[in-house]
Amino acid sequence: MAGERVHREDQAGDLLGETAEVDDDHLVVTAALTQRPDLYAAALASGPLCDMVRYEQFGIGHTWTDEFGTASDPEQLAWLLSYSPYHHVRPGTDYPAVLLAGAVTDERTGDAHPRKMCAALQHATTSDRPILLRRQPDAGHGPTDSTTARETLTDIITFLATHTGLHPAAADADTPPPRTVTHVSST
């Protein structure tokens, strides 16, 4: 299973998150999260593919059928359902803290994947840890300028540090306090 392999190879430890700016990596993150939520304190997926049954209908997903398969073929639909993160969210599960990030105008994976996944996880979890959606209103598949990129990274680091127990070193009096997570909604 993806969750056990990622954890076993210590690619993530207690943190399940961003390894590179590749959509497949975020698919692995959400697959691992739904297969073995007990292995992680926190998870981050930015611009992820989550609903592998309907991915062809969002963004440029229709161009990826050679790689992932198509839901219109019954055999390939079975493959897609076997690992589709959205379809493996289970009610009554203790999910870790999750931050799903996406852009309203994401032309690659579409805005629906992180929104649907966030809603499904929020409905299913028995945990008191947050499951949040960070939506960027004016970006594509990534930040559009350096200010937005810095804000996004600050939010991500703050979220992950908070939910994995990372404590910053004591700051001197001239250092401003850290930013809190912004632009995050729970719906």
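Below, all heavy atoms of this structure are taken into account, side chains as well, without hydrogens, waters or symmetry copies.
Panel note: side chain S127, backbone D94; no donor-acceptor pair is recorded below 3.5 Å. H88 places a side-chain N or O within donor-acceptor distance of the main-chain N or O of S82, the cut-off being under 3.5 Å. Using modelled atom types, one side-chain atom of T63 and one backbone atom of I60 make a donor-acceptor pair closer than 3.5 Å. At least one donor-acceptor pair closer than 3.5 Å links the side chain of S84 to the backbone N or O of C50.
Side-chain contact between V89 and Y95: present, with at least one pair of heavy atoms (C-beta onward) separated by less than 4.5 Å. Side-chain contact check for K116 versus R54: some heavy-atom pair is nearer than 4.5 Å. Counting heavy atoms from C-beta outward, Q35 and P85 have side chains that stay 4.5 Å or more apart.
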Inset, instruction - I would like to know whether L99 and I156 meet side chain to side chain contact (heavy atoms under 4.5 Å, CB included); could you show each step before the answer? - result: CA-CA 8 Å; L99 177 58; I156 288 169; 4.1 Å; yes
Inset, instruction - Kindly indicate, with the supporting measurements, whether the criterion side chain to side chain contact (heavy atoms under 4.5 Å, CB included) is fulfilled by L33 and V98. - result: CA-CA 9 Å; L33 164 68; V98 178; 3.9 Å; yes
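With values rounded to the nearest 0.5 angstrom, M52 atom CE is found 9.0 Å from T30 atom OG1. One distance of note links CG of L133 with CD1 of I131; it measures 11.5 Å at 0.5 Å rounding. A distance of 12.0 Å separates CZ of R115 from CG of L100, quoted to the nearest 0.5 Å. The structure places OH of Y40 at 14.0 Å from CZ of R129, a figure rounded to the nearest 0.5 Å. Remark: D155 CG to L44 CG distance equals 11.0 Å, nearest 0.5 Å. Going from atom CZ of R90 over to atom OG1 of T34 covers 8.0 Å, rounded to the nearest 0.5 Å.
Smallest separation of non-hydrogen atoms from A41 and P96: O-CB, 3.4 Å. Scanning all heavy atoms of the two residues, the minimum distance from D38 to R36 falls at OD2-NH2, 2.6 Å.
Checking E56 against T70 by side-chain atom types alone, a donor-acceptor pair falls below 3.5 Å.
W64 and Y83 end up in the same hydrophobic cluster when Ile, Leu, Val, Met, Phe, Trp and Tyr side chains are linked at under 4.5 Å. Using a 4.5 Å cut-off between side-chain heavy atoms of Ile, Leu, Val, Met, Phe, Trp and Tyr, with links allowed through other members, L153 and F159 fall into different hydrophobic clusters.
Members clustered with V53: L77, L81, by chain and number, using a 4.5 Å side-chain heavy-atom cutoff among hydrophobic residues.
For H113 and Y55, the gap between ring centers reaches or exceeds 6.0 Å.
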